[in-house]
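Working notes, structure below.
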Amino acid sequence: MDRSANLDTEELKVQVFKPRDWKFSLLCGWKEALLCPMTREQYILATQQNNLPRTEHPQFYPVGIYGWRKRCLYFFVLLLLVTMIVNLAMTIWILKVMNFTVDSPLVLQSDRNVTVNARNHMGQLTGQLTVGADAVEAQCKRFEVRASDSGKILFSADEDEIVIGADRLKVTGTEGAVFGHSVETPHIRAEPSQDLKLESPTRSLVMEAPRGVQVNAAAGDLKATCRKELHLQSTEGEIFLNADTIRLGNLPVGSFSSSSSFSSSSSPSSSAPRQTIYELCACPNGKLYLSPAGAASTCQSSSNICLWS
């Protein structure tokens, strides 16, 4: 009995070290095979299976995708192909609706408005252009319009100022241009064969310059018309009238009598001979009037014209 047990133990040890007896390793593992206890029934069962004739024919395993995996793959490929065809059809339809060709410009149409936004790298809105039915709105720090050929700035606007860089600014409206505040310009000129008119319908018109205001009519008349009074005032200098003929119309005329008194009338006395020469007189307050000329001066400071003024 002991001998048979020893033989069984030796055979067990021999079987454990055989690499082809992989079933022992499945039970205990390769590293733990020496320490793993095995019952007699397990050993007999293992040896009987090892004694069975083994087939030497190699086993072939199929390589590839079969079954439901293959059907799913075909389904996804077909779905991808359909998506590509739909995208291509939608792209062609959009290009046809927008009339986009190589020669024609790009046209954007909308029932309400078209908005173009510009953002920085942080996603913040830096500029916006909105084209609507009522107005075109641009929201940005600076708006510029440049010439297509030279790149010259024709119009620019920002928060501080508006600059018009065109050679000529033409306003064709019947009411002209209305400015709420001051306008600075070195030169105001009318078009050729056109009149230049400066008018203030309800208030005053003021022209000021620290070095002087010059009004010149090189080939025409200069007229200053007012309803009430026309004041020519020089605080420190003089008023200089230089012309071949200076005419002052509608001046009052005082009549000269033998009593050396004057009366205010619009014309000389009808009984006296027609007077053709008059003397220009001035009242102490600066008012001018005409007095019939005589051998000596006929201007009297006590004239009724001076008293009534």
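Note that the structure is predicted; figures quoted are calculated from it, not measured.
C140 and G127 make their closest contact through CB-CA, 4.4 Å (heavy atoms, listed as atom of the first residue, atom of the second, distance). The shortest heavy-atom contact between L280 and C299 is O-SG, 4.1 Å. Among all heavy-atom pairs drawn from A243 and I246, the shortest one is CB-CG1, 4.3 Å. The shortest non-hydrogen separation linking C281 to S291 is SG-CB, 3.7 Å.
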Go through it in stages, so that I can follow the logic: the residues are I92 and M90, the test is side chain to side chain contact (heavy atoms under 4.5 Å, CB included), and I'd like the CA-CA distance, side-chain angles, deciding distance and then a yes or no. CA-CA 5 Å; I92 295 175; M90 289 294 294; over 6 Å; no
Evaluate T115 against L129 for side chain to side chain contact (heavy atoms under 4.5 Å, CB included), listing each step before the verdict. CA-CA 6 Å; T115 303; L129 178 63; over 6 Å; no
Go through it in stages, so that I can follow the logic: the residues are L248 and L288, the test is side chain to side chain contact (heavy atoms under 4.5 Å, CB included), and I'd like the CA-CA distance, side-chain angles, deciding distance and then a yes or no. CA-CA 9 Å; L248 300 175; L288 301 179; 3.8 Å; yes
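More than 12 heavy atoms of other shown residues, nucleotides or ligands fall within 6.0 angstrom of atom CZ in F155. Dense packing is recorded around CG of L196, with more than 12 heavy atoms of other residues, nucleotides or ligands lying under 6.0 Å away. When the shell of 6.0 Å around CG of N120 is examined, it contains more than 12 heavy atoms from other residues, nucleotides or ligands.
No side-chain heavy atom of V145 sits under 4.5 Å from any side-chain heavy atom of I153. Within the 4.5 Å cutoff, the side chain of K170 has heavy atoms near those of the E191 side chain. In this structure, K96 and T91 have side chains that are not in contact, with every pair of non-hydrogen atoms separated by 4.5 Å or more.
In this structure, R119 CZ and N117 CG are separated by 5.5 Å, a value rounded to the nearest 0.5 Å. Between the CG atom of L251 and the OH atom of Y278 there is a distance of 12.0 Å, given to the nearest 0.5 Å. Atom CD1 of residue I164 and atom CG of residue L169 lie 4.5 Å apart, to the nearest 0.5 angstrom. Distance CG/L78 to CG/L73: 11.5 Å, rounded to 0.5 Å. The structure places CG of L125 at 6.5 Å from CD of Q139, a figure rounded to the nearest 0.5 Å.
Through direct or relayed side-chain contacts under 4.5 Å between Ile, Leu, Val, Met, Phe, Trp and Tyr, I85 connects to L81. Grouped by direct or indirect side-chain proximity (heavy atoms under 4.5 Å, Ile/Leu/Val/Met/Phe/Trp/Tyr only), L80 sits with M84.
A donor atom on one side chain and an acceptor atom on the other are found under 3.5 Å apart for S297 and E279.
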Below 3.5 Å, can you tabulate the donor-acceptor pairs from side chains in residues 230-242 to any protein atom, sequence neighbours excluded?
{"unit_1": "H231", "atom_1": "NE2", "unit_2": "E229", "atom_2": "OE1", "d": "2.9"}
{"unit_1": "S234", "atom_1": "OG", "unit_2": "G237", "atom_2": "N", "d": "3.1"}
{"unit_1": "S234", "atom_1": "OG", "unit_2": "G237", "atom_2": "O", "d": "3.4"}
{"unit_1": "S234", "atom_1": "OG", "unit_2": "E238", "atom_2": "N", "d": "3.4"}

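Pairs of residues two or more places apart, or lying in two chains, that qualify as side chain to side chain donor-acceptor pair (under 3.5 Å) and include a residue from residues 142-151 are R142-E144, R142-S156, R142-D158, E144-R146.
V131 is linked by a side chain to side chain contact (heavy atoms under 4.5 Å, CB included) to V136, counting only residues two or more places apart in sequence or in another chain. Checked against side chain to side chain donor-acceptor pair (under 3.5 Å), K197 has the following partners two or more places apart in sequence or in another chain: E199.
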